[in-house]
Engineer: 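Got a structure for you, written out below as structure tokens; questions coming shortly.
Residue numbers begin at 1 in each chain, while the letters A, B, ... track the order of the sequences.
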2 protein chains.
Amino acid sequence: MSQSKPLTEEDALQLDNQLCFKLYAASRAVIRGYKPMLDQLGLTYPQYLVMLVLWEWQLKPPELPTVKALGERLLLDSGTLTPLLKRLETQGLLRRRRAASDEREVHLALTESGWVMREQVPALKHALLCQHGVDLNELVALRKQIGGLLNQLTLPSH
Amino acid sequence: MSQSKPLTEEDALQLDNQLCFKLYAASRAVIRGYKPMLDQLGLTYPQYLVMLVLWEWQLKPPELPTVKALGERLLLDSGTLTPLLKRLETQGLLRRRRAASDEREVHLALTESGWVMREQVPALKHALLCQHGVDLNELVALRKQIGGLLNQLTLPSH
DNA sequence: CGCAATTAGATTGCAAACAATTTAATTGCT
DNA sequence: AGCAATTAAATTGTTTGCAATCTAATTGCG
């Protein structure tokens with residue numbers, strides 16, 4: 001709402017084009033960067049994000065994660081998650097079971113194998129960050145910037 | 001390479017997880033934000049990026065853009081671009097033709113219809129930015145941050 | 001209670017991404 | 001010239017994203 005500078009239409013276009021593209025390209029570049037590590041785990045990037053959420057879930061209230069809750073966390077719907085979760089189940093990393101209390105819900109639970117995988121991650125990730133020589137301070141700043149944008153786009157106005 | 005602070009493994013993990021996810025989510029959120037505008041143009045987001053590059057190409061040397069050149073610009077390969085370009089051709093926005101000088105190359109040229117579309121964009125985009133109340137200064141800062149990361153991930157070391 | 005809305009997942013269909021392979025044209029080297 | 005290596009696209013197959021639709025369970029309300 002605070003449009004202080006009188007940028008020309010062309011300037012705004014150019015800036016916006018660049019941001020669009022850079023955000024899109026950077027996201028894919030990060031995914032590509034994770035590929036070697038994820039290959040070792042046998043996961044795709046979205047599958048990895050799902051595993052991260054499930055690993056974190058232990059700190060939550062006693063409720064088991066559902067497909068819906070996972071979707072809210074990752075901003076993904078069942079059209080994406082259902083087949084992805086089936087693949088993770090096939091790999092033996094988790095189990096999916098209809099909730100007894102409400103048969104519409106599907107509870108997700110990591111298997112032993114799913115938990116064990118977690119232990120391999122910190123070392124792999126550390127190696128990854130070092131290898132690319134990424135500046136952690138820069139990452140902190142970037143995370144904040146992106147968080148701001150993400151909030152503007154997901155919470156607000158329209 | 002300048003790892004000044006002694007973050008714990010857990011801190012680094014957490015930070016990194018958040019960045020991964022936020023970058024991925026922000027990219028998709030932006031694409032979602034463009035949807036209404038792109039629906040009016042009948043384009044998908046990647047198709048739109050391709051059109052942007054082609055619209056910009058006029059400023060380039062006399063060479064016509066090729067699939068390869070487009071791919072270098074957008075960091076995409078022919079496996080993605082070939083079918084996408086075929087769809088744009090079907091829509092009558094561009095023509096694909098084997099180069100006479102080198103039959104391996106495919107030259108891309110916008111049609112009249114492809115050029116006309118360009119004129120609709122500034123107004124649509126302006127409306128979009130206003131609607132979301134995005135702070136332009138923030139966008140400038142974000143673009144720089146992301147540009148830095150993108151360079152680290154695409155140019156360097158490994 | 002009974003039935004219309006709502007809700008959670010699943011399904012279907014299309015368009016990316018991307019790895020791996022294939023095809024055809026061009027280069028380069030001897 | 002002749003042939004191996006390289007190069008540009010195309011093709012194939014798998015996995016996302018996401019809209020739209022469908023199914024089944026649950027809620028809410030008269």
Engineer: Would you classify B/Ser27 as touching base, sugar-phosphate or nothing, given that sugar-phosphate means primed atoms plus P, OP1 and OP2, and contacts are heavy atoms under 4.0 Å?
Structural biologist: nothing
Engineer: Between B/Gln47 and C/dA15, is there a side-chain N or O to OP1/OP2 distance below 4.0 Å?
Structural biologist: no
Engineer: How long is the line joining OH of A/Tyr45 and P of C/dA19, in whole Å?
Structural biologist: 15 Å
Engineer: Out of C/dC18, C/dA17, D/dA9, which nucleotide sits closest to the side chain of B/Asp77?
Structural biologist: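 Comparing C/dC18, C/dA17, D/dA9 against the side chain of B/Asp77, the answer is C/dC18.
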Engineer: Tell me the interatomic distance from A/Leu64, atom CG, to C/dA8, atom C1', rounded to whole angstroms.
Structural biologist: 16 Å
Engineer: Taking for each residue the nucleotide of DNA chain C with the nearest heavy atom, is it A/Leu81 or A/Lys35 whose nucleotide lies nearer the 5' end?
Structural biologist: A/Leu81
Engineer: Name the residue closer to the 5' end of DNA chain C, choosing between A/Thr66 and A/Arg32 according to the nucleotide with the nearest heavy atom.
Structural biologist: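 The residue whose closest nucleotide sits nearer the 5' end is A/Thr66.
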Engineer: Give the nucleotide from the list C/dA10, D/dA10, D/dG17 with an atom nearest to the side chain of A/Val67.
Structural biologist: C/dA10
Engineer: Take atom NE2 of B/His107 and atom P of D/dA10, then tell me their distance rounded to the nearest Å.
Structural biologist: 13 Å
Engineer: A/Tyr34 vs A/Tyr48 aromatic rings, parallel, tilted or perpendicular, using cut-offs 30° and 60°?
Structural biologist: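 If you compare the ring of A/Tyr34 with that of A/Tyr48, the planes turn out tilted.
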Engineer: The side chain of A/Arg28 lies closest to which of these nucleotides: C/dA16, C/dA17, C/dA8?
Structural biologist: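 Shortest atom-to-atom distance from the side chain points to C/dA17.
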Engineer: Can you work out whether B/Pro83 or A/Glu103 has the more 5'-proximal nearest nucleotide on DNA chain D?
Structural biologist: B/Pro83
Engineer: Can a side chain N or O of A/Arg104 be found less than 4.0 Å away from OP1 or OP2 on C/dA10?
Structural biologist: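 So the side-chain polar atoms of A/Arg104 never come under 4.0 Å of the phosphate oxygens OP1 or OP2 of C/dA10.
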Engineer: Got a salt bridge between A/Arg98 and A/Glu103, using NZ or NE/NH1/NH2 to carboxylate O under 4.0 Å?
Structural biologist: no
Engineer: Between D/dA10, C/dA10, D/dC18, spot the one nearest the side chain of A/Leu76, thanks.
Structural biologist: D/dC18
Engineer: D/dA10 phosphate, OP1 or OP2: any side-chain N/O from B/Lys68 under 4.0 angstrom?
Structural biologist: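 No, no such contact exists.
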Engineer: Measure from the side-chain heavy atoms of A/Pro46 and tell me the nearest of C/dA15, D/dG17, C/dG9.
Structural biologist: D/dG17
Engineer: Would you mind telling me which of C/dA15, D/dA10, C/dT26 lies closest to the side-chain atoms of B/Asp102?
Structural biologist: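 Selected nucleotide (nearest to the side chain): C/dT26.
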Engineer: What is the distance, rounded to the nearest whole Å, between atom CG of B/Leu43 and atom P of C/dA15?
Structural biologist: 13 Å
Engineer: Classify the nucleic acid contact of A/Ser78 as base, sugar-phosphate or nothing, counting any heavy atom under 4.0 Å across all strands shown.
Structural biologist: base
Engineer: Between the main-chain N or O of B/Gly42 and the side-chain N or O of B/Asp39, is there a donor-acceptor pair closer than 3.5 Å?
Structural biologist: no
Engineer: Over how many whole Å does the gap from A/Leu84 atom CG to C/dA10 atom P extend?
Structural biologist: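 Nearest whole value for this atom pair: 12 Å.
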Engineer: I need the CG-P distance between B/Leu70 and D/dA8, as an integer number of Å.
Structural biologist: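 To the nearest whole Å, that distance equals 14 Å.
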Engineer: Is a donor on one side and an acceptor on the other found under 3.5 Å between the side chain of B/Thr82 and the backbone of B/Ser78?
Structural biologist: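 Confirmed, B/Thr82 side chain pairs with B/Ser78 backbone.
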Engineer: Quick one: does any side-chain atom of B/Thr90 pair with a main-chain N or O of B/Lys86 as donor and acceptor, under 3.5 Å?
Structural biologist: yes
Engineer: Touch check for B/Arg98, heavy atoms < 4.0 angstrom, all strands: base, sugar-phosphate only, or nothing?
Structural biologist: sugar-phosphate
Engineer: Take the protein atom CG of A/Asp39 and the nucleotide atom P of D/dT14, then report the distance between them rounded to whole Å.
Structural biologist: 17 Å
Engineer: Quickly work out the B/Lys86 NZ to D/dT12 P distance and round it to whole Å.
Structural biologist: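 Going from NZ in B/Lys86 over to P in D/dT12 covers 9 Å.
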Engineer: Donor-acceptor pair, B/Trp57 side chain versus B/Ala109 backbone, under 3.5 Å?
Structural biologist: no
Engineer: So if I take every side-chain heavy atom of B/Thr44 and compare against D/dT15, D/dT11, C/dA15, which nucleotide ends up nearest?
Structural biologist: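 Between D/dT15, D/dT11, C/dA15, the one nearest the side chain of B/Thr44 would be C/dA15.
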Engineer: With a cut-off of less than 4.0 Å, is there a side-chain N or O of B/Thr80 near OP1 or OP2 of C/dA17?
Structural biologist: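 No, no such contact exists.
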